[in-house]
Amino acid sequence: MIILVINAGSSSVKFTLFDMSDDKKVLATGLIERIGIDGTSMKYSNWKGEKSQGPVAVKNPKEAVQVISERLVDPKYGVIGALSEIKAVGHRIVHGGEKVNKPVRVTEEVKQILKDCFSMSPLHNPHNLAGIEACETVFKGVPNVGVFDTAFHSSMPPRTFLYGIPYELYTQDQIRRYGFHGTSHAYVSRAAARFDGRPIESLKIITAHLGNGASITAVKGGQSYDTSMGLTPLEGVVMGTRSGDLDPAVIFHIMKIKGLSYQDVDNLLNKKSGVLGLAGIGSSDLRDVEEAANKGNAQCAQALDLYAYRVRKYIGAYLAALGGLDILVFTAGAGENSSTLRAAILEGMDGLGFKLDKAKNDVRSSEIRVISAADSPYKIMVVPTNEELAIAEFTGEVLGG
Ligand code: AMP
């Protein structure tokens, strides 16, 4: 079964074409970026190793999907004979509110749910919907499946999803914690259980997705029980540019003393905070901050220390929330690649059951692997995430493939 995965953002459309019947092979992948602004261009590569990169005349998502479709059947770069070989399109969608609890086939009703969540996800949902509508036009008759970032967390109970604010704000205005990165947390927890050879229904897992955005999830029996992101992705651990948890009164105080508007504070907390704001070297990339810290930059060392400490606190909290643990999983850019960060996060936690094997932790690999010591009470694993593949797998499952 050939499945196209589409991730339509504010100014880009990313795509990957999988042949699920041929060992989930990636036939082609790429993106069109700077849509709607100067310098729109496309990057493309296929399984034969052929690559192309260059400007394209694309002004909106529909034109982007049209250009992608043409490339997939292009005599030179194409990987399929006809578009009819594509049996389904899986879409990454950010917010499904309370009404979507699993990947679903896109219907008019599902599109309405997506629209109802525009106000909670103004930067993503409108573009996700545009991507779906583009595919409906370009790939006529091909089923579209929506895979929602929030869906995996719909299993959270009220004790973890409610905020301590008047209950009407939940019942009337749906203000609650939703959680994000759900596709990644679902994928890596399933992969960890499979690798460990135990049914996920019997396991307690903590997944630490540490990329540019970062979130930690407590997974009980294969379902999300609690997660660090909330109404929006701003809550939780310190991230590349987001503050993570803070006293809400900080917001009122900053507005008052700095004369900032709410948009200014929104921008400050989402785009200028986190590692970028704390390290002070103009980069949100942990690699740059680690390098500067290694050269003696004390502010960068402090930022890394704080980053690791906040993750450690969540791991401790979720160990208590789950009432024990089987596997701790590290994933995403920093979680998969930074052995120093993983070691810093788990510093001092040997006695609590998290014993790293230093040599195993230091190995660089793109494979799923165990990095805990043989006598560690809790298994610690690195599981490379693959959201595109997860979306393709969920899409196949929805269509009974
Ligand atoms: P992602 O959002 O999963 O693509 O992760 C991207 C982020 O992961 C980057 O901005 C870096 O902060 C981080 N990252 C990737 N590789 C490394 C590495 N080797 N060491 C530390 N951080 C890394």
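Just so you know, ligand 1 is whichever comes first in the structure, and atom 1 is the first atom listed for that ligand.
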- Item | Nearest-0.5 Å distance that lies between atom CD1 in Ile371 and atom CG in Leu346 | 7.0 Å

- Is Asn212 close to ligand 1, meaning an N/O of one under 3.5 Å from an N/O of the other? yes

- Item | Asp74/Lys76 ion pair, N-O < 4.0 Å | no

- Heavy-atom nearest neighbour in the protein, as seen from atom 11 (C) of ligand 1, with distance rounded to 0.1 Å: Asp285 OD1, 3.2 Å

- Under 6.0 Å from the six-membered ring centre of Tyr178 and within 45° of its axis: does the NZ or CZ of Arg176 meet both? yes

- Query: Should the ring pair Tyr167 and Tyr170 be called parallel, tilted or perpendicular, given that the plane angle runs from 0 to 90° and is split at 30 and 60?
  - Reply: tilted

- Message: Below 4.0 angstrom, counting only protein heavy atoms, does anything approach atom 2 (O) of ligand 1?
- Response: yes

- Query: Looking only at protein heavy atoms, which one is nearest to atom 22 (N) of ligand 1, and how far off is it?
  - Reply: Leu286 CB, 3.6 Å

- Query: Does Ala334 reach ligand 1 with a nitrogen or oxygen that is under 3.5 Å from one of the ligand's nitrogen or oxygen atoms?
  - Reply: yes

- Under 3.5 Å between some N or O of ligand 1 and some N or O of Ala332? no

- Message: Between Phe180 and His95 (judged by ring centroids, cut-off 6.0 Å), do the two rings come close enough to count as a pair?
- Response: yes

- Task: Answer yes or no: does an N/O atom from Gly333 fall short of 3.5 Å to an N/O atom of ligand 1?
- Result: yes

- Message: Given Ile391, which partner from the list Val5, Val89, Asn386, Ile3 fulfils the side chain to side chain contact (heavy atoms under 4.5 Å, CB included) test?
- Response: Val5

- Message: My understanding is that we take every heavy atom of each candidate and find the minimum distance to atom 23 (C) of ligand 1. Doing that for Arg287, Met239, His181, which one comes out nearest?
- Response: Arg287

- Over all heavy atoms of both residues, which pair between Tyr163 and Leu231 is shortest? Give the atoms and the distance, please. OH-N, 3.0 Å

- Query: How far is atom 19 (N) of ligand 1 from its nearest protein heavy atom, and which residue and atom name does that atom have?
  - Reply: Asn337 CB, 3.3 Å

